[in-house]
Amino acid sequence: MVDELSRRLVPDELWVIVEPLLPVFRARSQGGGTAPTDQRAVFTAVVFVLTIGCVWRLLPPSFDVSVPTAHRRFTVWTRAGVWRRLHHAVLDELGSSGLIDWSRAVIDGASVRAKKGPMTGPSPVDRGKPGSKLHILTDRAGIPLAVAVSAANTNDAEALRPLVRAIPAVRSRRGPRRRKPAKLHADKAYDITDLRHWVADRGIGVRIARKGVERSDRLGRHRWVVERTFSWLTGYHRLNLRYDRKAEHLLGFLTLAAALTCFKKLTKARSAT
C-alpha cells in the first residue's frame with residue numbers, strides 16, 4: 001500500500017528530474033555511523049507531509065524514514081536551494097515543450113493563518129489573527145512562475161518587484177531563454193504609480209486596475225487563473241496553516257508545491273499527445 005502511495009506521490013518521471021538536484025551524501029572520513037537513508041524515500045516523505053498537511057511527528061513509520069531524518073534533510077535541502085532549482089527545472093521542461101504562455105502574467109497574494117515564527121503579522125482578513133501571506137505570479141494559463149512569502153499585514157504591492165525579478169530564465173521551444181511576460185495583470189492593490197513605471201521600464205505591458213476608476217471585476221476574466229492556481233497550491237494542505245517556525249521552510253514548501261503543480265501540468269500535456 002505504501003509502495004503504491006509512494007509511486008503516486010513521486011512517480012519515476014518526477015524522480016528523474018529531482019535526483020540530480022539533491023546534494024550528494026558524503027560518508028564520514030573516519031568511517032562508522034549509520035547507513036544513509038534512501039534519498040527517494042526521504043523526498044517522498046517530504047511530499048507526503050506537504051500533501052497531507054501533517055506535522056513532522058505524525059509522519060507514518062511505514063515510509064521507513066525517521067522523523068528527525070525527514071525534517072533534517074528537508075532543512076538541508078531548503079538551505080541548498082533544492083526547491084527553487086526543482087521548480088526551475090520543471091519550468092524548463094514546460095518551456096521547451098511550448099507549454100508556457102508568456103503573453104500575460106497575473107499576480108496576487110493570499111493569507112494563511114500562522115502558529116508562530118517570523119514573517120507573521122495581524123491578518124486583515126482574519127480578524128487580526130497572526131498570519132503569513134503567500135504571493136504568486138503565474139503565466140496566462142495559471143502556471144506558477146514565481147512565489148514568495150511575507151507577513152499577512154504586508155501590502156500585496158510590496159511583492160511585485162521581488163516576484164518579477166524572481167521569474168527564472170526559462171527554456172523556449174525556439175530561441176533564447178525567456179523570463180519576461182508581455183503584460184502583467186493585477187488588481188487595485190497594486191495600483192501605485194512607481195510600480196507602474198517600474199514594470200513599464202522593463203518592457204512589460206501594465207494592466208493594473210485603477211483605484212476609483214475601474215472595477216476590479218473587469219479584470220476578472222484574466223485574473224481568475226491566479227485564483228485557480230491558489231486553489232491548486234492550497235490543495236497541498238501544509239500550506240493552509242503555517243506550522244513552520246522558520247519562514248524559509250514555509251517558502252520551501254510553497255516552492256515545492258509550485259514545482260509539483262507545474263509537473264502535473266507537464267504530465268497532463270504529455271499524456272494528451
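Computed from a predicted structure; not experimentally measured.
By the side-chain contact (heavy atoms from CB on, under 4.5 Å) test, Asn153 pairs with Pro122, Ala151, sequence neighbours left out. With sequence neighbours excluded, no residue forms a side-chain hydrogen bond (donor to acceptor under 3.5 Å, both in side chains) with Thr229. Taking Glu227 as the reference, Arg223 meet the salt bridge (charged side-chain N to carboxylate O under 4.0 Å, His left out) condition, with sequence neighbours excluded. Partners of Phe48 according to the ring-ring contact (aromatic ring centres under 6.0 Å, His included) rule, which considers only residues two or more places apart in sequence or in another chain, are Phe63. In this structure Arg270 satisfies the side-chain hydrogen bond (donor to acceptor under 3.5 Å, both in side chains) test together with Glu93, sequence neighbours excluded. Looking at residues two or more places apart in sequence or on another chain, you find no side-chain hydrogen bond (donor to acceptor under 3.5 Å, both in side chains) involving His197. Looking at residues two or more places apart in sequence or on another chain, you find a side-chain hydrogen bond (donor to acceptor under 3.5 Å, both in side chains) between Thr78 and Trp83. By the salt bridge (charged side-chain N to carboxylate O under 4.0 Å, His left out) test, Arg238 pairs with Asp244, sequence neighbours left out.
Under the 4.5 Å side-chain criterion, counting only non-hydrogen atoms from C-beta, Asp191 is in contact with Arg196. Contact check for Val225 versus Thr138: side-chain heavy atoms found under the 4.5 Å cut-off. Side-chain atoms of Leu145 and Trp102, non-hydrogen and from C-beta on, do get closer than 4.5 Å to each other.
Electrostatic pairing of Asp187 and Arg210 does not count as a salt bridge here, judged by no charged N lying under 4.0 Å from a carboxylate O. Under 4.0 Å is where a charged nitrogen must lie from a carboxylate oxygen, and between Asp139 and Arg104 no such pair does.
Under a cut-off of 6.0 angstrom, the local environment of CZ in Arg161 is crowded, with over 12 non-hydrogen atoms contributed by other residues, nucleotides or ligands. For Arg57, the CZ atom is loosely surrounded, since the number of other residues' heavy atoms within 6.0 Å does not exceed 12.
Within the 3.5 Å criterion, the main-chain N or O of Pro176 finds a donor-acceptor partner in the side chain of Ser172.
If you check the side chains of Arg242 and Ser132, you find a donor sitting under 3.5 Å from an acceptor. For the 3.5 Å distance criterion, the side chains of Ser103 and Arg140 qualify, holding a donor opposite an acceptor.
The cluster map of Ile, Leu, Val, Met, Phe, Trp and Tyr, joined by side-chain heavy atoms under 4.5 Å apart, puts Tyr236 and Leu14 in the same cluster. Using a 4.5 Å cut-off between side-chain heavy atoms of Ile, Leu, Val, Met, Phe, Trp and Tyr, with links allowed through other members, Val149 and Trp232 fall into different hydrophobic clusters.
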What pairs of donor and acceptor atoms, side-chain ones from residues 245-253 against any protein atom, are under 3.5 angstrom apart with sequence neighbours left out?
none

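Grouped by direct or indirect side-chain proximity (heavy atoms under 4.5 Å, Ile/Leu/Val/Met/Phe/Trp/Tyr only), Val16 sits alone. In this structure, Val125 stands alone, with no Ile, Leu, Val, Met, Phe, Trp or Tyr side-chain heavy atom under 4.5 Å from its own, directly or through other members. With side-chain heavy atoms closer than 4.5 Å counting as contact, directly or through intermediates, the hydrophobic cluster containing Val55 also holds Leu58, Leu241, Tyr243.
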Could you go through Thr51 and His237, starting from their C-alpha distance and side-chain angles, then the distance that decides it, and tell me whether this counts as side-chain hydrogen bond (donor to acceptor under 3.5 Å, both in side chains)?
CA-CA 6 Å; Thr51 304; His237 296 292; over 6 Å; no
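Here the straight-line distance linking atom NZ of Lys180 with atom CD1 of Ile167 works out to 10.5 Å at 0.5 Å rounding.
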